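In this text the structure is predicted, and so the values were computed from the model without any measurement. Read the numbers this way: they start at 1 and go in the same order the structure lists the ligands and their atoms.
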Amino acid sequence: MLLGTQRIDENGHLEVGGCDTVALAKEFGTPLYVIDEAEIRKTIRAYRAAFDEVYPNHKIYYASKAFLTLAMARLVAQEGLCMDVASLGELYVALQAGFPPEKLALHGNNKSLEELAYAVDSGVGHIVLDNFYEIENLSRLARSKDKTVDVLVRAAPGVDPHTHRRIRTGQADTKFGFNIIDGSALEAVKMVLKSGNLTFRGIHCHVGSQLLDAETHKDATEIMVGLMADIVRETGVAVEVLNIGGGLGVRYKSDQIPPSYRELALKVTTALKEAISAAGLPYPQLQQEPGRSLVGEAGVTLYTVGAIKTVPIKEDPGTRTYVTIDGGMSDNPRPQLYDAVYECLLANKADETLEKIVTIAGKHCETDILIWNTLIASPAPGDLLAVQTTGAYNFVMASNYNRFLRPAVVFVNEGQADLVVKRDTLEQMIVNECIPERLR
Ligand code: LLP
């Protein structure tokens with residue numbers, strides 16, 4: 001599976017964004033996150049165009065939790081999208097990149113007073129409220145600053161998406177948002193309306209992530225329109241915005257086929273239009289927060305192959321070959337956390353016959369398997385392994401486990417490679433550490 005601008009060059013090397021991955025590994029070292037800039041731009045434009053066509057009154061907030069660096073925030077700003085941030089850190093990076101604050105939305109299920117104050121002071125466009133405690137806190141804070149803050153109320157639509165249990169968010173039994181069924185969501189809206197310094201703009205939901213069909217989005221949309229109708233009936237206040245979150249999946253393996261953007265757009269907006277006219281409501285602005293689907297397939301991680309070991313096993317075919325790489329769960333924890341699957345290829349032998357079934361093992365001090373039983377060209381120490389679809393939730397979830405240095409990130413575009421995040425250094429690793437006097 002070749003993704004985005006990837007191709008195999010005349011030397012049999014994998015090329016991304018017009019750059020030879022073997023040359024990238026030489027210049028920047030491995031492990032290395034390589035981001036295909038043109039692919040991100042293309043994806044953003046295709047996503048937007050699909051919704052422009054069927055529902056022009058819409059806005060896309062890129063969910064920065066999927067992948068955020070200063071350069072990425074610039075790219076998102078250049079493409080004219082809005083952006084969702086879900087922590088002090090994400091907000092800080094966005095603002096440091098010069099992202100227009102009014103195009104930011106702040107999320108979080110336990111926002112601190114510091115986060116709320118930072119968001120209000122920097123003038124973020126709106127805050128998505130998650131719980132009653134937060135409504136009180138934000139309202140008090142806004143009053144003390146003599147400001148008015150636009151808010152959305154996050155609701156849990158009670159739908160059950162078909163995705164890994166750890167990345168479901170919109171079911172009824174969830175820590176996120178206000179329950180619709182027990183009346184909490186409506187109660188929250190009433191509380192906002194009474195609060196004075198908060199301006200109610202609309203409602204929000206996010207049903208889950210890596211969804212490979214649009215059914216859950218459709219179901220959630222219908223339920224949310226039901227909530228809109230309840231709000232209008234009970235309060236007489238219009239719901240200007242309906243945000244249905246993100247969640248569209250990507251191809252980690254070639255047999256995982258997410259719906260096209262057009263298919264998603266059609267399904268969601270048809271359901272929306274039908275439900276809105278049945279309820280006799282004015283059309284809301286449709287907002288979305290895709291993260292993974294805008295960046296996932298644009299990332300590839302390069303590793304250097306080290307030790308290769310074949311061990312006897314009971315099952316067929318009687319042996320397993322472990323191909324060890326110079327990274328693992330510290331740069332991609334997703335296989336360990338979510339049983340995530342990936343495809344890979346030998347980037348320096350991209351034109352060679354696939355002939356060996358191997359297991360790609362990380363170098364951390366535990367099982368740390370990145371990919372079980374995958375077919376690649378005949379591997380040797382020193383080869384370059386490229387793991388596909390690592391643009392989302394890899395760099396941002398990287399850790400220093402085993403005191404590894406987090407990899408660098410490069411953006412590639414039309415033959416040019418630019419470092420956007422330097423590799424961690426050993427010096428940097430201990431910069432925040434102190435030795436108490438008694439241990440000296
Ligand atoms: N909006 C909200 C409120 C969210 O919670 C999320 C993701 C998104 C938008 C973006 O969803 P996306 O389009 O990326 O599916 N670390 C996990 C994914 C957790 C996603 C959590 N929320 C993983 O690696 O699969």
Is the gap between the ring centers of F178 and H204 under 6.0 Å?
-> no
For G247, atoms of ligand 1 separated by under 4.0 Å from a heavy atom = 11 (O), 12 (P), 13 (O), 15 (O)
With atoms numbered from 1 as shown, which atoms in ligand 1 lie under 4.0 angstrom from a non-hydrogen atom of S209?
-> 11 (O), 12 (P), 14 (O), 15 (O), 20 (C)
How would you list, by chain and number, every residue that makes a side chain to side chain donor-acceptor pair (under 3.5 Å) with T390, sequence neighbours excluded?
-> T301
Which of the ligand 1 atoms, numbered from 1, are nearer than 4.0 Å to a heavy atom of G291 = 12 (P), 13 (O), 14 (O)
Under 4.0 Å from one or more heavy atoms of A63, ligand 1 contributes atoms 8 (C), 9 (C), 10 (C)
Do any nitrogen or oxygen atoms of M397 lie less than 3.5 angstrom from nitrogen or oxygen atoms of ligand 1?
-> no
Residue P290 vicinity, atoms of ligand 1 by number, heavy atom under 4.0 Å = 13 (O)
Mark up the atoms of ligand 1 that fall under 4.0 Å of a heavy atom belonging to E289, in ascending order.
-> 1 (N), 2 (C), 3 (C), 8 (C), 9 (C), 10 (C), 13 (O)
With ring centroids as reference points, do H107 and H206 lie under 6.0 angstrom apart?
-> no
Neighbour count above 12 (heavy atom, 6.0 Å) for K190 NZ = yes
Does the side chain of I369 come within less than 4.5 Å of Y322's, by heavy atoms?
-> yes
Do the rings of H58 and F51 sit parallel, tilted or perpendicular, given the 30° and 60° boundaries?
-> tilted
Please say whether more than 12 non-hydrogen atoms of neighbouring residues, nucleotides or ligands are located less than 6.0 Å from NZ in K253.
-> yes
Nearest heavy atom to atom 25 (O) of ligand 1, choosing from H206, R292, R154, belongs to R292
Short N/O distance, under 3.5 Å, between H204 and ligand 1?
-> no
Sorted by chain and residue number, the side chain to side chain contact (heavy atoms under 4.5 Å, CB included) partners of P379 (sequence neighbours excluded) come out as I308, V323, L346, K356, V358, I376, D383
So Y47 and Y261, would you call those rings parallel, tilted or perpendicular, with 30° and 60° as cut-offs?
-> tilted
Filtering F67, Y338, Y393 for the heavy atom nearest atom 14 (O) of ligand 1 leaves Y393
For G245, is the nearest heavy atom under 4.0 Å from an atom of ligand 1?
-> no
Ligand-side contact atoms (ligand 1) for residue partner R334, heavy atom cut-off under 4.0 Å | 23 (C), 24 (O), 25 (O)
Taking atom 5 (O) of ligand 1 as the point of reference, which of K65, H107, Q288 owns the nearest heavy atom?
-> K65
By number and element, which atoms of ligand 1 are closer than 4.0 Å to a non-hydrogen atom of D84?
-> 1 (N), 9 (C)
